[in-house]
Amino acid sequence: MDKLLTGFDAPRNTVLYICRSLREHNLLQAIARVNRVAKGKEYGYIIDYEGILGELDEALTSYSSLGEFEEEDLAGAVTSVLEEIEALPQVHADLWSLFREVPNKLDNEAMEQHLADDDRREEFYELQSRFARLLKMALSSLRWVQKTAQKRQDDYRRDLKYFVQLRNSVKRRYADSIDYGAYKQQIQRLIDQHVNAEEVEVRVNLVDISNKEEFD
């Protein structure tokens, strides 16, 4: 286990399960395993079966290597999932608010045209992505599922599905992304038919770079 705490670096690691007592340096090393930046990774999740994250403040203040940081700089190093989920209703409202000028929200053409502006479209992409991440996080929390009305959960799921479909159609409409996978077979056939390799032709003979005259 210790080999996975010190010197082990795999940025794509996203979830850490703590099932034994860790303190100070070892606790910080454990948390550091899931705080590496990686493409497509927004958070590192820590599942604490030991109930030791309450000792994190002590670990942060006692670890000498962190002496150069101010206390406020270290605040928020670990955040409760429930605290993150609290932003879900506001992000959901902000997402719909982006389309407040569209009279009929069921008119897909009007919704897509409303996103013709590059800045507005970028804001939509960011809000939709954040809403998706927060809802995924919320649905993985038993406490949130138990205390949230089923209708509200269903509304969130329905809206996420709608906004994902809208995002995909908008990306195609405004050429924000190209799916090259659709052309893979065609490109492969073109390469097979029209690209060929002939006999190797030596254009430059091998040279001993330690031989100054020959190299010149």
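From Leu127, atom CG reaches atom CD of Glu122 across 10.5 Å, with rounding to the nearest 0.5 Å. With rounding to the nearest 0.5 Å, the separation of OH in Tyr162 from CG in Asn108 is 5.0 Å. To the nearest 0.5 Å, atom CG of residue Leu82 and atom NZ of residue Lys147 are 6.0 Å apart. Here the straight-line distance linking atom CG of Asn104 with atom CD of Glu109 works out to 12.5 Å at 0.5 Å rounding. Trp96 contributes atom CH2, which lies 5.0 Å from atom CG of Asp159 (distance to the nearest 0.5 angstrom). Rounding to the nearest 0.5 Å gives a distance of 9.0 Å between CG of Leu160 and CG of Leu95.
Arg121 has a carboxylate O that lies under 4.0 Å from a charged side-chain N of Asp118, or vice versa, which qualifies the two as a salt bridge. Classification of Asp154 and Arg158 as a salt-bridged pair fails, no side-chain N sitting under 4.0 Å from a carboxylate O.
Under a cut-off of 6.0 angstrom, the local environment of CD1 in Ile209 is sparse, with at most 12 non-hydrogen atoms contributed by other residues, nucleotides or ligands. Residue Arg173 places its CZ atom among more than 12 non-hydrogen atoms of other residues, nucleotides or ligands, all under 6.0 Å distant. More than 12 heavy atoms of other residues, nucleotides or ligands lie within 6.0 Å of CZ in Arg120, so this atom counts as buried by the packing criterion.
Contact between Ala38 and Pro11 at its shortest, heavy atoms only, is CB-O, 3.6 Å.
Thr148 places no side-chain N or O within donor-acceptor distance of the main-chain N or O of Gln146, the cut-off being under 3.5 Å.
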Show which side-chain atoms of residues 128-139 pair as donor or acceptor with protein atoms under 3.5 Å away, not counting sequence neighbours.
| residue | atom | partner | partner atom | Å |
| --- | --- | --- | --- | --- |
| Gln128 | OE1 | Arg167 | NH1 | 2.9 |
| Ser129 | OG | Tyr125 | O | 2.9 |
| Ser129 | OG | Arg167 | NH1 | 3.0 |

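The aromatic rings of His92 and Tyr156 sit perpendicular, their planes meeting at an angle over 60°, well past the 30° parallel limit. Between Phe99 and His114, the ring planes lie tilted relative to each other; the angle falls in the 30° to 60° range.
Under the 3.5 Å distance criterion, with hydrogens and angles disregarded, no donor-acceptor pair is assigned to the side chains of Ser169 and Arg172.
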Given the rule in the side-chain hydrogen bond (donor to acceptor under 3.5 Å, both in side chains) test, do Gln90 and Asp94 qualify, once you have shown the distances and angles that lead to the verdict? CA-CA 6 Å; Gln90 185 60 55; Asp94 291 343; 2.8 Å; yes
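Put simply, the side chain of Val15 reaches to within 4.5 Å of the side chain of Ile47, judged on heavy atoms.
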